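Take a look at the structure below.
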Number of protein chains: 2
Amino acid sequence: MKMTPMIETFVMHFGEMGSRWGFNRTVGQMYALLVITKDPISANQIAEALSISRGNVSMGLKELQSWQLIQLHHKPADRKDYFQTNGSIWDMANRVFEERRKREMDPTLSLLRDILLDTPANDEEQHAQQKLQEVHDLLEGITKWSSELQRLSPEKLDTLMKLGSGVGKVLDMKHKLLKRSNE
Amino acid sequence: MKMTPMIETFVMHFGEMGSRWGFNRTVGQMYALLVITKDPISANQIAEALSISRGNVSMGLKELQSWQLIQLHHKPADRKDYFQTNGSIWDMANRVFEERRKREMDPTLSLLRDILLDTPANDEEQHAQQKLQEVHDLLEGITKWSSELQRLSPEKLDTLMKLGSGVGKVLDMKHKLLKRSNE
DNA sequence: CTAAAGTTTCAGTAATTATTGAAACTTTAG
DNA sequence: CTAAAGTTTCAATAATTACTGAAACTTTAG
């Protein structure tokens, strides 16, 4: 499988970004290739297109499967595994967010909860705990909120997104509405 | 400067998480130390507390300053620089989000815009461009939306956060209100 | 103006993380 | 059941990224 220059540009760039997004370079390239390729492709085709080792492809596919970003696909009379992306681009973003939350928030949140159970030994620790409480509340807020967003239906999410600066106005409406319903 | 076990636990953990958050281990430790320490401290105190080299501290402080996460502070009759965190924990989260957006979104967005200007050479590229458009729209949506959020006043942000699953209900209200105002 | 105290830089080295490729394992056509 | 084709694992190595510490530079008290 040969990539056109346009496709190669995108795939390579996505690889570079991959590490910032939470997976390594080759996993990023592999995912990009799968996103822009219409038909399911085999591990060998991926290795060939990207010039990376077969072993590396196998590990990358495993990781993408664990993130539920790709799907297995079989062709009749062919025992080879073929792969294609799973779900929409939106689903992919959701998975990335969730995975990152697990890695970037959850461990800290759990540590903070533990520390906050301790009784401060002196003034210094008293002040420290206060700060830790703030960090905790922030992380918890973000965590809860992001999982709420993920629970919204795609249409509502879309409305919310398109709302943009309108979010502020809607919040105002909320106040008015609540007032009215209390009267 | 000696850290109590509680403080050390937090500082070390924050260091480990640092790399996932966009800065390296020692920068993470330094920031954590500054967050939980009440009074401004000097670069030497930081180096001593964390047992890291003076040079490393200097570079870390520079990075934290460029992120606007810390502030310089001077004591009378002392030409040494002292440091303390800048702004609330919320401000810190905002900075981190913004910095990450710059690193993780902007370069891809700009590449995608370029590619999408090209005319697809064949069916394969036609399909690829369609996918790239989807990725582009997603990233643009997230980018725009997150900058809207940052523009909201802290109070509104807080309301929005606390709203949680209520977001869906408010969106429904929006529809009703719009309808009513059209009648 | 000088020297003492403080700060920054950066080349070398250490630590971490990613990748290869050969060997072990698995599957199924015949 | 066998062997050919395909897949997975993992130890060795490469590539990347972080850290040290000594040297160069900057600032200001006296």
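Sequence lines set the chain letters: A, B, ... in the order given, protein chains first and strands last, and positions in each chain run from 1. It should be emphasised that the depicted structure is a prediction, and the values quoted were computed from it without experimental measurement.
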- Sorted by position of nearest nucleotide on DNA chain D, 5' first, the leading residue of Ser58(A) and Met59(B) is Ser58(A)

- Task: Take the protein atom CD of Glu63(B) and the nucleotide atom C1' of dT8(C), then report the distance between them rounded to whole Å.
- Result: 16 Å

- Task: Nearest whole angstrom, please: distance from the C1' of dG6(D) to the CD of Glu48(A).
- Result: 16 Å

- State the CD1-CD1 distance between Ile7(B) and Ile36(B), to the nearest 0.5 angstrom. 4.0 Å

- Message: One pair to check against side chain to side chain contact (heavy atoms under 4.5 Å, CB included): Glu63(B) and Met59(B). What are the steps and the verdict?
- Response: CA-CA 6 Å; Glu63(B) 179 162 357; Met59(B) 286 175 135; over 6 Å; no

- Please determine if Glu104(A) and Arg100(B) form a salt bridge, counting it only when a charged side-chain N lies under 4.0 Å from a carboxylate O. yes

- Note on the structure: In DNA chain C, consecutive runs of at least three Watson-Crick or G-U pairs below 3.5 Å, as range with range, amount to C:1-30 with D:1-30

- At under 4.0 Å between heavy atoms, which parts of nucleotides 22-30 of chain D does protein reach? Answer with one letter per nucleotide, 5' to 3': B base, S sugar-phosphate only, - none. -----BS--

- Item | ILVMFWY cluster, Trp21(B) and Phe14(B) together (side-chain gap under 4.5 Å) | yes

- Message: Please report the distance, rounded to the nearest Å, between CZ in Arg103(A) and P in dT17(C).
- Response: 12 Å

- Residues of residues 19-34 of chain B with any non-hydrogen atom less than 4.0 angstrom from an atom of DNA chain D: list those, numerically ordered, please. Asn24(B), Arg25(B), Thr26(B)

- Task: Might you work through the side chain to side chain contact (heavy atoms under 4.5 Å, CB included) test for Ser58(A) and Arg54(A), ending with a clear yes or no?
- Result: CA-CA 6 Å; Ser58(A) 176; Arg54(A) 193 58 192 70; 3.9 Å; yes

- Query: Is a donor on one side and an acceptor on the other found under 3.5 Å between the side chain of Gln45(A) and the backbone of Ser42(A)?
  - Reply: yes

- Message: The test is side chain to side chain contact (heavy atoms under 4.5 Å, CB included); show your working for Gln129(A) and Gln133(A) and say whether it passes.
- Response: CA-CA 6 Å; Gln129(A) 275 209 347; Gln133(A) 184 72 53; over 6 Å; no

- Message: Both Asn44(A) and Ser51(B) contact DNA chain D. Taking the nearest nucleotide for each, which residue is further toward the 5' end?
- Response: Asn44(A)

- Message: If you compare every side-chain N and O of Lys62(A) against the phosphate oxygens of dT9(D) (OP1, OP2), does one of them come in below 4.0 Å?
- Response: yes

- Message: From the set dT20(C), dG6(C), dT7(D), return the single nucleotide nearest to any side-chain atom of Asn56(A).
- Response: dT20(C)

- Query: Does Arg101(B) come within less than 4.0 Å of Glu98(B), counting only side-chain N to carboxylate O?
  - Reply: no

- Enter the distance from Leu50(B):CG to Met12(B):CE here, rounded to the nearest 0.5 Å. 5.5 Å

